[in-house]
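One structure is given below, represented as structure tokens, and several questions about it will come after.
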Amino acid sequence: MFVLNPDPFLTPSYRISPFTTANLASNSVMVDDDFADHYFNNRFGKNQWQYTFSGRDAIQLALQKYALKSTDLVTILTTSQNFYISSCVTKEIETFVNGIVKLSLKQN
């Protein structure tokens with residue numbers, strides 16, 4: 001009974017924001033295309049960009065390119081008038097440097 005007609009309250013639920021479990025089934029039948037690859041190649045140049053599994057991986061990859069020293073300073077600019085920066089962002093940056101400056105830019 002569980003396999004053919006499972007109780008929705010007993011089946012696993014995947015919540016990888018902003019997606020839901022239902023997205024797994026609909027996304028699995030999507031046709032593969034390389035629209036994103038063409039877009040990024042046109043925008044940044046062929047082989048001048050890279051997919052990452054997470055934002056933290058992207059931050060790590062970007063900061064490795066700069067060969068930062070622990071005494072260097074990283075500045076985070078926001079346009080939201082909000083100084084809140086997620087700790088997962090700042091913790092990743094702090095693996096490279098000791099100092100982070102948070103600045104908010106006023107949007108017109």
Side-chain angles (χ1 to χ4, degrees):
M1 167 130 178
F2 180 76
V3 173
L4 299 177
N5 190 13
D7 183 325
F9 296 104
L10 298 177
T11 57
S13 181
Y14 304 95
R15 291 185 176 89
I16 306 170
S17 181
F19 307 103
T20 64
T21 305
N23 295 127
L24 292 175
S26 61
N27 289 348
S28 70
V29 295
M30 291 177 68
V31 177
D32 284 340
D33 78 27
D34 49 4
F35 173 84
D37 293 344
H38 289 298
Y39 173 81
F40 291 134
N41 283 337
N42 288 333
R43 178 150 186 190
F44 302 110
K46 188 168 180 142
N47 299 321
Q48 297 300 309
W49 56 273
Q50 181 175 336
Y51 289 113
T52 61
F53 286 107
S54 70
R56 284 184 290 237
D57 288 348
I59 291 169
Q60 183 181 50
L61 187 65
L63 293 178
Q64 284 173 345
K65 294 283 185 188
Y66 289 108
L68 298 171
K69 296 178 275 198
S70 63
T71 55
D72 287 333
L73 185 68
V74 171
T75 301
I76 301 173
L77 303 173
T78 69
T79 58
S80 64
Q81 303 293 316
N82 186 342
F83 286 105
Y84 173 77
I85 306 294
S86 173
S87 65
C88 67
V89 171
T90 56
K91 284 180 183 176
E92 189 60 43
I93 295 170
E94 287 169 344
T95 64
F96 290 88
V97 299
N98 295 327
I100 300 173
V101 175
K102 304 169 189 174
L103 297 174
S104 179
L105 301 175
K106 185 175 182 179
Q107 256 184 329
N108 293 332

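Atoms considered below: every heavy atom in the structure, side chains included; atoms not considered: hydrogens, waters and symmetry mates.
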Heavy-atom side-chain contact between Ile76 and Ile93 under 4.5 Å: yes

Let me check something: any side-chain donor-acceptor pairs from residues 27-38 under 3.5 Å, sequence neighbours excluded? List them with distances.
unit_1 : atom_1 : unit_2 : atom_2 : d
Asn27  : ND2    : Asn23  : O      : 3.3
Ser28  : OG     : Ala25  : O      : 2.8
Asp33  : OD1    : Phe35  : N      : 3.0
Asp34  : OD1    : His38  : NE2    : 3.4
Asp34  : OD2    : His38  : NE2    : 3.3
Asp37  : OD1    : Tyr51  : OH     : 2.6

What are the two closest heavy atoms between Asn47 and Asn41, and how far apart are they? N-OD1, 3.8 Å

Residue list, ring pair (Phe, Tyr, Trp, His ring centres under 6.0 Å) with Phe40, at least two apart or on another chain: Trp49

Give the cluster check for Phe44 versus Ile59: same hydrophobic cluster or not, with ILVMFWY residues linked at side-chain heavy-atom distances below 4.5 Å. no

For the student: nearest non-hydrogen atoms of Val97 and Asp72, plus distance: CB-O, 3.4 Å

Checking Phe96 against Gln64 for the side chain to side chain contact (heavy atoms under 4.5 Å, CB included) test, could you report, in this order, the C-alpha distance in whole Å, the side-chain angles of both residues, the deciding distance, and whether it holds? CA-CA 8 Å; Phe96 290 88; Gln64 284 173 345; 3.7 Å; yes

Not counting sequence neighbours, which residues clear side chain to side chain contact (heavy atoms under 4.5 Å, CB included) with Thr52? List them please. Asp57, Ala58, Leu61

How close do Arg56 and Glu92 get, counting heavy atoms only, and between which atoms? O-CG, 3.7 Å

